[in-house]
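Heads up, the thing below is written out as structure tokens.
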Amino acid sequence: MAMVTAKLSSPAASWLTGGRTHRSAPTRRATLVRAAAGSYADELVSTAKSVASPGRGILAIDESNATCGKRLASIGLDNTEVNRQAYRQLLLTTAGLGEYISGAILFEETLYQSTTDGKTFVDCLKDQNIMPGIKVDKGLVPLPGSNNESWCQGLDGLASRCAEYYKQGARFAKWRTVVSIPCGPTALAVKEAAWGLARYAAIAQDNGLVPIVEPEILLDGDHGIERTLEVAEKVWSEVFFYLAENNVLFEGILLKPSMVTPGAEHKEKASPEAIAKNTLTMLRRRVPPAVPGIMFLSGGQSELEATMNLNAMNLSPNPWHVSFSYARALQNSVLKTWQGRPENIEAAQKALLVRAKANSLAQLGSYTGEGESDEAKKGMFQKGYTY
Ligand code: 13P
């Protein structure tokens, strides 16, 4: 693996780089800083900055074929390649999307697909200044020795897959693992989640892809918000411990956390203000300001909740860009409007722009919530949801 050696300009550095005498050397040992980013370091930093640009966030449409099938089934469509392509074409050819969307996470099938007119989806994105991203994990499987928890597969062959995805135009990657509060979480599950994310992040950077680091803390459970805060702090401290241990370049990553909310079955709902307060407390305690962007997942919140909560987090300045990387909270009303009918495509694209714009305003802290449809208010939480 190529290593970057940071240039040190202190007296300690000139000593290290062959100063004539060791007599003036400090007694303290100078340490060479190594990053996993290799020759891509500058590019990673600029990719991450472009995704984390003001008033923009990520459209997550990286559902595996099985999960995309669930989306299509919700409007009575079969899970065929033609239908998946038609749906992704609707989303990715929405004119004006680039004003609100800086990156789109794709599933492998989509990265290699084109519109029915033969234009690659990657080119559709590039034309709107939207970075193409790629889901690189291979999904969750049971974690033996844990309390019915899971771990995320996909490290085998990851370097060569990332290199191929880069050639195809991808510039960032996503790896989603989950942590369950009702199951514990056990120390084993948290460590495995954190270690897997860190190994993935180093490999992605080494191949030119900005890694989105996503330990999703599931909404499932009847616990209160304080318990979520406690678990989130634990998870993120381990994630950053292992990211550092793997020499990951923090300026070249993006985070995709869950918001700190009460469990979905908790007796009381929390206000956007309480969610923002707890989430920002957790982030300030755990996330260095070197990280350029925090791109939240929606996790089963309604479209409206996800937007209001994001807005509440942007009412005062943050050390990082605080934005969205929503799947369900950007797609729900689009799907309902489309219904698989060609005559509804235009209206469905308008519905996507409505949500994208609302979240763009929320990124800037200027969303008011006026004029939202009833559809946008419907929650999408499903117990034990698998992605
Ligand atoms: P949701 O916004 O539906 O939780 O999806 C998040 C995700 O990980 C997709 O990339």
Side-chain angles (χ1 to χ4, degrees), residues 51 57-72 74 87-88 91-92 101-111 130-140 150 152 154 170 172-180 193 196-197 200 204 209-220 228 232 235 254-261 263-264 275 279 293-310 322-336 352 355-356 358-359 362-363 376 378-387:
V51 175
I58 296 176
L59 170 65
I61 55 164
D62 58 313
E63 293 87 357
S64 62
N65 289 350
T67 308
C68 189
K70 288 188 208 165
R71 301 255 192 277
L72 296 173
S74 74
Y87 180 47
R88 267 76 184 245
L91 297 165
L92 298 177
I101 300 293
S102 54
I105 319 176
L106 311 177
F107 190 58
E108 190 180 54
E109 177 180 89
T110 320
L111 183 70
I130 301 175
M131 287 274 175
I134 176 77
K135 171 188 171 76
V136 299
D137 68 72
K138 292 280 183 188
L140 300 163
S150 29
C152 183
F172 70 98
K174 171 193 134 169
W175 174 285
R176 171 185 178 264
T177 190
V178 300
V179 173
S180 160
L197 282 164
Y200 137 77
L209 302 180
V210 166
I212 292 188
V213 177
E214 180 180 3
E216 175 169 352
I217 299 172
L218 297 168
L219 268 183
D220 300 70
T228 312
V235 169
L254 293 166
L255 307 187
K256 183 155 169 166
S258 314
M259 294 178 194
V260 176
T261 66
I275 292 170
T279 308
I294 314 269
M295 320 297 289
F296 285 102
L297 58 91
S298 59
Q301 301 179 38
S302 72
E303 291 179 335
L304 192 65
E305 280 169 336
T307 309
M308 304 258 284
N309 293 339
L310 178 62
V322 173
S323 192
F324 59 94
S325 173
Y326 297 156
R328 281 166 281 178
L330 278 171
Q331 293 183 45
N332 188 43
S333 40
V334 181
L335 271 166
K336 296 270 161 60
L352 175 61
R355 289 271 40 93
N359 287 301
Q363 197 291 309
K378 284 190 192 148
M380 284 167 277
F381 173 73
Q382 280 175 30
K383 208 171 167 169
Y385 183 80
T386 50
Y387 215 81

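Both ligands and their constituent atoms are indexed starting at 1 by order of listing. We use all heavy atoms of the structure for the numbers below, so side chains are in, but hydrogens, waters and symmetry mates are not.
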For [X], which part has a heavy atom under 4.0 Å from ligand 1: side chain, backbone, both, or neither?
X      : answer
Ala327 : both
Glu216 : neither
Arg328 : both
Leu330 : neither
Lys135 : neither

Please could you name the atoms of ligand 1 that [X] approaches to less than 4.0 Å, counting only its heavy atoms?
X      : value
Asp62  : 9 (C), 10 (O)
Glu214 : 7 (C), 8 (O)
Ala60  : 9 (C), 10 (O)
Tyr326 : 2 (O)
Ser298 : 1 (P), 2 (O), 3 (O), 4 (O)
Lys256 : 6 (C), 7 (C), 8 (O), 9 (C), 10 (O)
Lys174 : 7 (C), 8 (O), 9 (C), 10 (O)
Arg176 : 8 (O)

* To do: Would you check whether Glu63 reaches within less than 4.0 Å of ligand 1, judged by its heavy atoms?
  => no
* Quick one: does Gly299 get a heavy atom under 4.0 Å from ligand 1? -> yes
* **Approximate separation, where rounding is to 0.5 Å, of Ser298 OG and Gln301 CD** => 6.5 Å
* Nearest 0.5 Å, what's the CG-CE distance between Leu219 and Met259? -> 10.0 Å
* Show your working on side chain to side chain contact (heavy atoms under 4.5 Å, CB included) between Asn309 and Thr279 and close with a plain yes or no. => CA-CA 10 Å; Asn309 293 339; Thr279 308; over 6 Å; no
* Asked: Just one of Lys174, Arg71, Arg88 clears the salt bridge (charged side-chain N to carboxylate O under 4.0 Å, His left out) bar with Asp62, so which one?
  -> Lys174
* Counting N and O atoms only, with roles assigned by atom type, does the side chain of Thr228 sit under 3.5 Å from a partner on the main chain of Val260, one being a donor and the other an acceptor? -> no
* For Ala362, side-chain contact (heavy atoms from CB on, under 4.5 Å) partners two or more places apart -> Thr307, Leu310, Asn311, Tyr367
* To do: Mind checking side-chain contact (heavy atoms from CB on, under 4.5 Å) for Ser102 and listing every partner two or more places apart, or none if nothing turns up?
  => Val51, Ser53, Arg56
* To do: Let me know which of Val136, Leu297, Leu140, Ile105 forms a side-chain contact (heavy atoms from CB on, under 4.5 Å) with Arg176.
  => Leu140
* Asked: Just checking, any donor-acceptor pair under 3.5 angstrom between side chains of Glu63 and Tyr87?
  -> no
* To do: Go through Phe107 and Asn65 one step at a time and tell me if the side chain to side chain contact (heavy atoms under 4.5 Å, CB included) criterion holds.
  => CA-CA 8 Å; Phe107 190 58; Asn65 289 350; 3.5 Å; yes
